[in-house]
Amino acid sequence: MERNPLFPLAAFALLILLSVFSLLGYLLAARRPPGPPPPVGILVETEEGPRLLRGRLARTPEAWARGLGVREEALEALLYLFPEATDAPFSAEGYRFPVVVAFLDGEGRVLRVAHLRPGEKVSPGTAYRGVLEVREGLLSLSPGDRVAPSGTASPAP
């Protein structure tokens with residue numbers, strides 16, 4: 001019986017192909033999906049003095065849709081920053097705990113403060129460029145207080 005002269009070439013090509021797929025499988029298995037970015041510090045300046053809160057910045061519609069009360073992370077605050085002024089109502093729909101919501105102007109100054117229980121909604125009655133959302137009872141906020149991201153997170157509680 002005579003062998004096809006292309007058989008060794010086909011066997012070699014198949015061996016190379018299997019090696020490439022094996023290497024790709026190894027490389028893909030080693031990749032880990034990236035975790036969430038580390039929390040940032042949110043500096044809040046009140047009459048009682050400055051306070052650095054452990055939180056996150058929400059700058060995209062996807063992040064705006066996930067409020068502090070529905071996140072699983074142990075955060076103290078969430079700072080929403082909007083590209084344009086809005087007067088849209090703020091909702092605590094689906095939240096697990098009460099929050100304090102401070103509506104901010106373009107410079108981070110508190111315009112209005114509201115206390116929301118899970119499921120409640122508030123209309124600020126004014127245009128705002130940001131919202132600071134804080135767990136109820138963590139600190140006292142008043143109109144005129146200032147809020148800014150600091151870049152570094154406070155130590156975990």
Side-chain angles (χ1 to χ4, degrees), residues 17 19-157:
L17 189 62
S19 298
V20 168
F21 282 131
S22 175
L23 178 63
L24 280 174
Y26 173 78
L27 292 175
L28 290 175
R31 285 186 61 201
R32 302 262 187 260
V40 298
I42 299 171
L43 182 62
V44 181
E45 297 175 4
T46 67
E47 288 181 7
E48 296 148 4
R51 174 90 185 264
L52 189 62
L53 301 175
R54 177 183 165 90
R56 291 224 180 271
L57 299 180
R59 296 180 186 257
T60 65
E62 294 81 22
W64 300 332
R66 294 188 58 234
L68 184 65
V70 297
R71 292 175 183 242
E72 296 296 324
E73 302 170 88
L75 300 174
E76 297 173 314
L78 186 61
L79 179 58
Y80 300 79
L81 299 173
F82 306 112
E84 297 177 2
T86 181
D87 62 353
F90 192 89
S91 173
E93 189 68 36
Y95 280 28
R96 299 182 323 268
F97 50 82
V99 293
V100 176
V101 177
F103 296 93
L104 312 172
D105 68 10
E107 296 177 5
R109 192 172 300 111
V110 175
L111 300 169
R112 179 166 184 241
V113 178
H115 297 262
L116 297 176
R117 291 187 302 263
E120 291 183 332
K121 183 187 281 192
V122 65
S123 293
T126 186
Y128 58 92
R129 288 286 306 269
V131 172
L132 175 66
E133 190 177 13
V134 180
R135 289 176 177 264
E136 179 81 57
L138 196 59
L139 79 147
S140 178
L141 291 167
S142 303
D145 292 346
R146 289 183 146 304
V147 177
S150 78
T152 59
S154 62

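Not measured: the values here are computed from a predicted model.
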If you take all heavy atoms of [X] and [Y], which pair is closest and at what distance?
X	Y	answer
Leu68	Tyr80	N-OH, 4.0 Å
Leu141	Ala102	CD1-CB, 3.9 Å
Arg112	Val122	NH1-CG2, 3.6 Å

Could you state the interatomic distance from [atom1] ([X]) to [atom2] ([Y]), rounded to the nearest 0.5 Å?
X	Y	atom1	atom2	answer
Tyr95	Glu133	OH	CD	3.5 Å
Ser19	Leu24	OG	CG	11.0 Å
Leu116	Glu93	CG	CD	11.5 Å
Asp87	Thr126	CG	OG1	8.0 Å
Arg54	Leu75	CZ	CG	6.5 Å

Val113 and Val100: CA distance, side-chain angles, deciding distance, side chain to side chain contact (heavy atoms under 4.5 Å, CB included) verdict: CA-CA 7 Å; Val113 178; Val100 176; 3.6 Å; yes

Check: [X] side chain, [Y] main-chain N or O, donor-acceptor pair, under 3.5 Å:
X	Y	value
Tyr128	Ala88	yes
Arg146	Glu107	yes
Trp64	Ala58	yes
Arg71	Arg66	yes
Arg129	Phe82	yes

Chi angles and distances behind the side chain to side chain contact (heavy atoms under 4.5 Å, CB included) call for Arg51, Leu53: CA-CA 6 Å; Arg51 174 90 185 264; Leu53 301 175; 3.8 Å; yes

Residue Arg96 excluded, over 12 heavy atoms near CZ under 6.0 Å: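 Count over threshold, so yes.
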
Val99 and Phe97, any side-chain heavy atoms less than 4.5 Å apart: yes

Side chain proximity check, Val40 to Ser150, heavy atoms < 4.5 angstrom: no

Residues forming a side-chain hydrogen bond (donor to acceptor under 3.5 Å, both in side chains) with Arg117, sequence neighbours excluded: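 Here the qualifying residues are Glu120.
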
From CA spacing to verdict: side chain to side chain contact (heavy atoms under 4.5 Å, CB included), Ser140, Glu48: CA-CA 9 Å; Ser140 178; Glu48 296 148 4; 4.0 Å; yes

Test log, rule side chain to side chain contact (heavy atoms under 4.5 Å, CB included), inputs Phe103 and Leu132: CA-CA 7 Å; Phe103 296 93; Leu132 175 66; over 6 Å; no

Given Leu43, Val131, Leu104, the one that forms side chain to side chain contact (heavy atoms under 4.5 Å, CB included) with Leu79: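 So the option named by the test is Leu104.
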
